[in-house]
Amino acid sequence: MDKKVISTISLAGCFGCHMSFLDIDLKLLELIELVEFNRSPLTDIKTFSKRIDIGIIEGGCSNDENVKVLKDFRKNCDILISLGECAIMGGLPALRNHLTLKECLEEAYFNVPTSNHNQTIPRHEDLPQLLDKVYPCHELVKIDYFLPGCPPSGEIIWQALAALIKNDKLEISKRLIKYD
Amino acid sequence: MSSPKKIPITVDGKKYDVPKNINLVEALSSQGIRVPTLCWYKGMDDCLGTCRVCTVNVNGRPSAACTLNTTEEMKIEFDTSELNDLRKSIIELLFVEGNHYCPSCEKSGDCLLQAEAQALEMTHSRFPYEFNHYEIDYSGEMIILERNRCVHCKRCTELFTNDDGEKVFSFIGKGKDTQVVINKETEKSLSKHKAQEAMDLCPVGAILVKGEGFKTPYGERKFEKEPLWIKK
Ligand code: SF4
Ligand code: FES
């Protein structure tokens, strides 16, 4: 059997979901016999070099760079998974969603006690532009599967990958569904 | 005392004999059929009928099971893919209407909304998240009202009073602007115990006792120990 090709990315997330991926522990040895990793922070490969079977997205979309990367993943991956609360519903970064962008930036750069009081909000063409709010991934592209949790357990990640690698229908056990 | 008269009802094509004129959720539960509920709880005298999570078809019509009593020859549809999906979609709507950041919620693991979502295998909401803004009220002596999480079930406004029998919570506004408020006068006299009772009565994490929360270790919280979907 050809090895399945996996790519992963962290958008507006904390890398906790990626850490949880590593929590599949010894199963990693089994996994590495069945898959190869392409573009991913785990390999530090920054571009796709072939068609991807399974793309895994951590984090929602907080800036224009996140949206670009997400769309790139959708284009290059046969199956796309939203991994964790931030990818699924914005998560803690979305706590800013009821504020205007102006309020949010002023709070972060002017009003916090650690502000350096030079009263500038960084702005440069090389810096990603913040979106008006943090968007769940499936509100921007089609997502095929959702693995909830903050972070999702290593077990749910393994259960999902094990099924998809074998081209089985993905059925998640109830006991593995959680939202924190 | 003679036992209550039993009457036949049909659930998903199967016949059951249940006591006459008892709450339908209780009647089904006695036959091992657990109907999801959010505003209703076991032993409740008057049902609230606010959440509709308990929707079943009765004689062909969608109805909130907790608002009905058993009558002869009731024909109930419960476990159909359409009805399971309908109940799940009601839960999903609650998740997008409020702001349910479970990872940072004091009630996570003890929250009925979460537990029903898990039982219905919700992994995400298919409706757009609204990210509405709700003010949090810190002004109470004992209680914080975290309105982002309120599901407007009316448990607190209808069923909770202080030790003097006075109401502490009420609703103001209409429709989507409805919000729960505290009566500062009657809230003042709440004992810690009473405040905890209010927190426990709220199915979600909208009523919090100041200084309480995050006490039970992960893995040992109410619905982790006893998930709703495990048959008792
Ligand atoms: S505060 Fe809690 S108990 Fe009161 S209406 Fe809201 S969800 Fe229900
Ligand atoms: S449980 Fe029946 S309407 Fe809420």
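Proteins get letters first, then strands, A, B, ... in listed order; numbering begins at 1 in each. Owing to the predicted nature of the structure, the values given are computational and were not obtained by experimental measurement.
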request  = Below 4.5 Å from any heavy atom of chain B, which atoms of A:Ile143 appear? Answer side chain, backbone, both or neither.
outcome  =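 Neither; nothing under 4.5 Å.
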ask   = Under the salt bridge (charged side-chain N to carboxylate O under 4.0 Å, His left out) rule, what pairs show up with a residue in residues 5-16 of chain A, not counting sequence neighbours?
value =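 Applying salt bridge (charged side-chain N to carboxylate O under 4.0 Å, His left out) to every pair that reaches into residues 5-16 of chain A, excluding sequence neighbours, yields nothing.
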query = Is it the side chain or the backbone of B:Pro227 that comes within 4.5 Å of chain A heavy atoms, both, or neither?
reply =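 Looking at B:Pro227, nothing touches chain A.
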message = Between B:Ala115 and chain A, with a heavy-atom cut-off of 4.5 Å, which part of the residue counts as in contact: side chain, backbone, both or neither?
response =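 Neither the backbone nor the side chain of B:Ala115 comes within 4.5 Å of chain A.
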query = Got A:Leu34 and A:Leu161 here, is their nearest side-chain heavy-atom distance under 4.5 Å?
reply =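 Contact flag for A:Leu34/A:Leu161 side chains = no.
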ask   = Is there a side-chain contact between A:Leu140 and A:Lys71, using heavy atoms and a 4.5 Å cut-off?
value =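 A:Leu140 vs A:Lys71: side chains apart.
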ask   = Quick one: ring pair (Phe, Tyr, Trp, His ring centres under 6.0 Å) partners of B:Phe78, sequence neighbours excluded?
value =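 Per chain and number, B:Phe78 pairs via ring pair (Phe, Tyr, Trp, His ring centres under 6.0 Å) with no residue.
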At their closest point, which heavy atom of [X] faces which heavy atom of [Y], and how far apart are they?
X	Y	value
A:Ile156	A:Pro148	CD1-CD, 4.2 Å
A:Pro128	A:Asp64	CA-OD1, 3.4 Å
B:Val56	B:Ala65	CG2-CB, 3.9 Å

With 3.5 Å as the limit, can you list every donor-acceptor pair between chain A and chain B, backbone and side chains included?
{"from": "A:Ala94", "atom 1": "O", "to": "B:Tyr101", "atom 2": "OH", "distance (Å)": "2.9"}
{"from": "A:His138", "atom 1": "NE2", "to": "B:Ser125", "atom 2": "O", "distance (Å)": "3.2"}
{"from": "A:Glu139", "atom 1": "OE2", "to": "B:Tyr129", "atom 2": "N", "distance (Å)": "2.9"}
{"from": "A:Lys174", "atom 1": "O", "to": "B:Gln118", "atom 2": "NE2", "distance (Å)": "3.3"}
{"from": "A:Lys174", "atom 1": "NZ", "to": "B:Ala119", "atom 2": "O", "distance (Å)": "3.3"}
{"from": "A:Ile177", "atom 1": "O", "to": "B:Gln118", "atom 2": "NE2", "distance (Å)": "3.0"}
{"from": "A:Lys178", "atom 1": "NZ", "to": "B:Tyr218", "atom 2": "OH", "distance (Å)": "2.9"}
{"from": "A:Tyr179", "atom 1": "OH", "to": "B:Ala117", "atom 2": "O", "distance (Å)": "3.3"}
{"from": "A:Tyr179", "atom 1": "OH", "to": "B:Gln118", "atom 2": "N", "distance (Å)": "3.2"}
{"from": "A:Tyr179", "atom 1": "OH", "to": "B:Met122", "atom 2": "O", "distance (Å)": "2.7"}
{"from": "A:Asp180", "atom 1": "O", "to": "B:Tyr218", "atom 2": "OH", "distance (Å)": "3.4"}
{"from": "A:Asp180", "atom 1": "OD1", "to": "B:Arg221", "atom 2": "NH2", "distance (Å)": "3.4"}
{"from": "A:Asp180", "atom 1": "OD2", "to": "B:Ser108", "atom 2": "OG", "distance (Å)": "2.5"}
{"from": "A:Asp180", "atom 1": "OD2", "to": "B:Arg221", "atom 2": "NH1", "distance (Å)": "2.8"}
{"from": "A:Asp180", "atom 1": "OD2", "to": "B:Arg221", "atom 2": "NH2", "distance (Å)": "3.0"}

ask   = Just wondering, more than 12 heavy atoms not from A:Leu29 lying within 6.0 Å of its CG?
value =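 Yes - once you tally the heavy atoms of other residues, nucleotides and ligands closer than 6.0 Å, there are more than 12.
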task = Kindly say whether A:Asp78 contributes a backbone atom to a donor-acceptor pair with the side chain of A:Arg74 at under 3.5 angstrom?
result =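 It does hold such a pair.
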query = How would you list, in number order, the residues of residues 86-94 of chain A that have a heavy atom less than 4.5 Å from chain B?
reply =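 The stretch touches chain B at A:Ile88, A:Met89, A:Gly91, A:Leu92, A:Ala94.
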task = Would you mind checking if A:Lys46 and A:Asp44 are paired as a salt bridge, meaning a charged N to carboxylate O distance below 4.0 Å?
result =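 A salt bridge is present here (some side-chain N lies under 4.0 Å from a carboxylate O).
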query = Under the criterion side-chain hydrogen bond (donor to acceptor under 3.5 Å, both in side chains), which of A:Thr8, A:Asp72, A:Asn76 is the partner of A:Arg39?
reply =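 Between A:Arg39 and the candidates, side-chain hydrogen bond (donor to acceptor under 3.5 Å, both in side chains) is satisfied uniquely by A:Asp72.
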